[in-house]
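Remember, predicted model here, so these are calculated numbers, not experimental data.
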Amino acid sequence: MPEEELFNYKTFKEINEIPESIREVIGNVRKIREIVNELNNKGVNELYYIGCGTSHYVAMGSALPLLMHSTIKTIVAPASEFMFYYLNNRYKSRKAVIAFSRSGSTAEILSAMRQAKEKGYVTIGITCTRDSPILKLTDYSILAEKCYEESYVMTKSFVTMQLAGLLLSLYQISNDYEWAESVIKESAKLPVAVEKILSNKQQYFTLAKETLEKNTFIFLGTSITMSAAFEAGLKFKEMTHAFTEALHALEFRHGPIALASRSKEIVLFILAPRDKSIDKVIRLYNELINKGFNVRLVTNSESFKDQLYIDWSGHVYYSPLLFIIPLYLMAFYRTILKGYNPDKPKDLVKVVKTF
């Protein structure tokens with residue numbers, strides 16, 4: 001099918017709009033900084049990042065700078081788990097909750113934010129939908145309208161909301177770490193990096209076609225890329241009805257390696273950023289190849305340009321935003337080749353409105 005015809009599918013069109021939606025977030029950095037200033041003025045020293053489904057994975061990636069560098073207590077949880085186990089007022093710390101929701105109407109998110117406000121939490125909502133309930137409910141909000149999607153599946157909203165969340169986290173540590181400001185400025189390079197990835201569509205189509213008869217996919221990441229590993233697994237489930245799993249890379253050796261007896265049935269993707277984990281992860285890659293697994297790397301290591309190579313020399317925090325894009329396109333192509341509807345997968349609802 002010619003590429004121009006693929007734009008009739010909302011999902012394909014929305015993946016290709018990722019650079020534009022990134023530029024919108026970058027244009028909102030002043031507002032993001034203002035929100036961080038308000039959190040500092042209020043003495044917030046305990047943060048909760050929450051979401052549902054893809055938005056939960058957005059929360060995971062967004063919180064990385066705080067989890068790795070800040071003395072602020074930071075917890076990431078699905079919205080339901082936040083309400084079940086974390087929502088309390090037993091401690092005197094000043095709490096804030098940052099909620100991610102494409103629609104701004106998800107039942108669990110709204111319930112969580114209402115309960116948090118009742119208990120005195122500062123509430124922040126990040127969404128893609130104008131006039132959504134979360135904008136009226138929260139104390140502060142970030143609206144990224146260009147990441148709004150007509151498709152049921154989330155793609156550009158994952159990238160865009162996670163970028164907004166990352167910038168929010170980076171500004172929170174910028175007073176303690178001078179390098180955070182330079183990382184924030186690096187975000188300006190992301191649109192061009194995404195455009196380069198999108199220019200390699202034939203590679204992703206070929207790989208989708210080669211693995212079309214496979215229905216078991218495992219996505220391995222590190223702490224940096226786990227948000228993208230989980231998200232890739234979800235998209236392959238939602239769109240192509242495959243069985244998927246996401247694991248921390250080296251954990252595969254602690255039990256799941258027993259799947260070597262079924263290696264021909266499985267496709268493994270390792271999301272390997274060029275950081276201090278790379279040598280050990282590549283060692284795992286070679287081990288899995290030797291055991292007969294069908295393994296592909298998604299990496300920005302120049303040693304593996306024959307794989308799903310991502311041309312990115314910027315900060316590792318941005319790698320999940322980039323590494324997910326080839327996998328989105330693979331999921332899309334698999335869906336089309338299987339004769340499914342990528343815009344409205346069977347049994348999927350766009351917004352979960354009950355809790």
Side-chain angles (χ1 to χ4, degrees), residues 18 21-22 24-26 28-29 31-36 38-39 44 46-70 72-79 81-82 86 95-102 104 106 108-109 112-113 116 121-128 134 138 140-144 147 154-174 177 180 183-184 186-187 190 221-232 234 246 271 273 314-325:
I18 290 174
S21 63
I22 288 174
E24 181 187 24
V25 172
I26 295 169
N28 277 333
V29 292
K31 183 170 186 179
I32 294 170
R33 187 190 287 273
E34 288 172 355
I35 292 172
V36 171
E38 288 297 315
L39 294 178
V44 169
E46 190 170 318
L47 291 164
Y48 293 84
Y49 282 64
I50 68 170
C52 300
T54 286
S55 294
H56 173 223
Y57 308 144
V58 168
M60 290 173 57
S62 297
L64 284 172
L66 289 162
L67 292 168
M68 294 183 174
H69 297 286
S70 178
I72 297 173
K73 179 180 178 182
T74 305
I75 291 174
V76 180
E81 299 293 307
F82 170 71
Y86 297 106
K95 302 178 178 71
V97 56
I98 297 103
F100 300 85
S101 174
R102 172 179 68 172
T106 305
E108 288 151 78
I109 292 290
M113 299 309 264
Y121 286 62
V122 178
T123 55
I124 301 165
I126 299 178
T127 186
C128 308
I134 199 170
T138 51
Y140 307 100
S141 61
I142 299 168
L143 171 63
C147 75
M154 295 173 66
T155 53
K156 66 176 177 177
S157 55
F158 170 84
V159 175
T160 306
M161 290 196 297
Q162 188 169 164
L163 175 58
L166 267 171
L167 294 174
L168 190 74
S169 297
L170 287 163
Y171 275 125
Q172 287 179 88
I173 66 170
S174 61
Y177 297 96
V183 176
I184 291 167
E186 276 189 358
S187 64
L190 286 169
T222 65
S223 289
I224 293 292
T225 56
M226 278 311 298
S227 65
F230 280 118
E231 170 66 353
L234 182 60
L271 284 65
H315 201 280
V316 71
Y317 285 148
Y318 296 123
S319 55
L321 310 183
L322 302 171
F323 286 19
I324 190 62
I325 296 170

Revision key, fill the gap. Here the gap from Ile142 atom CD1 to Ile126 atom CD1, rounded to the nearest 0.5 Å, amounts to 4.0 Å
Practice item. Compare all side-chain heavy atoms of Leu321 with those of Ile22 and state whether any distance is below 4.5 angstrom. Key: no
Practice item. Quick one: pull up CG in Leu39 and CD1 in Ile35 and give me the separation to the nearest 0.5 Å. Key: 7.5 Å
Check your understanding: For Tyr177, which residues count as a ring-ring contact (aromatic ring centres under 6.0 Å, His included) partner, sequence neighbours excluded?
Key -> His69, Trp179
Check your understanding: For Thr160, what residues pass the side chain to side chain donor-acceptor pair (under 3.5 Å) criterion, not counting sequence neighbours?
Key -> Ser21
Exercise for review: Could you pull out the closest heavy-atom pair between Gly61 and Leu166, with the gap in Å?
Suggested key: O-CD2, 3.5 Å
Study note, to complete from the structure: Rounded to the nearest 0.5 angstrom, the OH-CD distance for Tyr318 and Glu186 is 6.5 Å
Exercise for review: Identify, with sequence neighbours excluded, every residue that meets side chain to side chain donor-acceptor pair (under 3.5 Å) alongside Glu81.
Suggested key: none
Revision key, fill the gap. Minimal heavy-atom distance between Tyr57 and Ser227, with the atoms involved, is O-CB, 3.2 Å
**Study point:** Partners passing ring-ring contact (aromatic ring centres under 6.0 Å, His included) against Phe323 (at least two apart in sequence or in another chain)
**Key:** none
Review point. Donor-acceptor pair, Lys31 side chain versus Ser141 backbone, under 3.5 Å?
Key: yes
For residues 48-56, run the donor-acceptor check on the side chains, cut-off 3.5 Å, and write out each pair with its distance to 0.1 Å, sequence neighbours left out.
unit_1 : atom_1 : unit_2 : atom_2 : d
Tyr48  : OH     : Glu46  : OE2    : 2.4
Tyr49  : OH     : Ser169 : OG     : 2.7
Tyr49  : OH     : Gln172 : NE2    : 3.3
Thr54  : OG1    : Glu231 : OE1    : 2.7
Thr54  : OG1    : Glu231 : OE2    : 3.4
Thr54  : OG1    : Lys235 : NZ     : 2.9

Point to revise | Nearest heavy-atom neighbours spanning Ile173 and Ala180 | key: CG1-CB, 4.0 Å
Point to revise | Least distance between heavy atoms, Ala246 atom then Phe230 atom | key: CB-CD2, 3.6 Å
Review point. From Leu167 CG over to Gln162 CD, what is the distance, rounded to the nearest 0.5 angstrom?
Key: 10.5 Å
Point to revise | Between Glu38 and Tyr140, a side-chain donor and acceptor under 3.5 Å | key: yes
Revision key, fill the gap. Looking only at heavy atoms, the pair that brings Tyr86 and Ala77 closest together is CE1-CB, 3.9 Å
Point to revise | Min side-chain heavy-atom separation Val159-Leu190 under 4.5 Å | key: no
Practice item. Go through the structure and list residues passing side chain to side chain contact (heavy atoms under 4.5 Å, CB included) with Leu64, not counting sequence neighbours. Key: Met68, Ile224, Tyr317
**Study point:** N/O donor-acceptor pair under 3.5 Å between Thr74 side chain and Leu66 backbone
**Key:** no
Revision key, fill the gap. Separation between OG (Ser62) and CD1 (Ile98), nearest 0.5 Å, reads 9.0 Å
Practice item. Output all residues satisfying side chain to side chain contact (heavy atoms under 4.5 Å, CB included) with Thr123, sequence neighbours left out; order by chain, then residue number. Key: Val97, Met113, Ala116, Lys117, Thr138, Asp139
Practice item. Of all the heavy-atom pairs spanning Ala232 and Ile324, show the shortest one and how long it is. Key: N-CD1, 3.6 Å
Exercise for review: Not counting sequence neighbours, which residues clear side chain to side chain donor-acceptor pair (under 3.5 Å) with Thr127? List them please.
Suggested key: none
Revision key, fill the gap. Contacts of Ser187 meeting side chain to side chain donor-acceptor pair (under 3.5 Å) (sequence neighbours excluded), chain-then-number -> none
Exercise for review: Look up atom CD1 in Ile124 and atom CG in Leu47, then write down how far apart they are to the nearest 0.5 Å.
Suggested key: 7.5 Å
Point to revise | Residue pair Phe100, Ser157: steps toward the side-chain contact (heavy atoms from CB on, under 4.5 Å) verdict | key: CA-CA 10 Å; Phe100 300 85; Ser157 55; over 6 Å; no
Review point. Can you find a heavy atom in the side chain of Val76 that is under 4.5 Å from one in the side chain of Leu67?
Key: yes
Point to revise | Pairs involving residues 50-61, ordered by first then second residue, that meet salt bridge (Lys or Arg N to Asp or Glu O under 4.0 Å) (sequence neighbours left out) | key: none
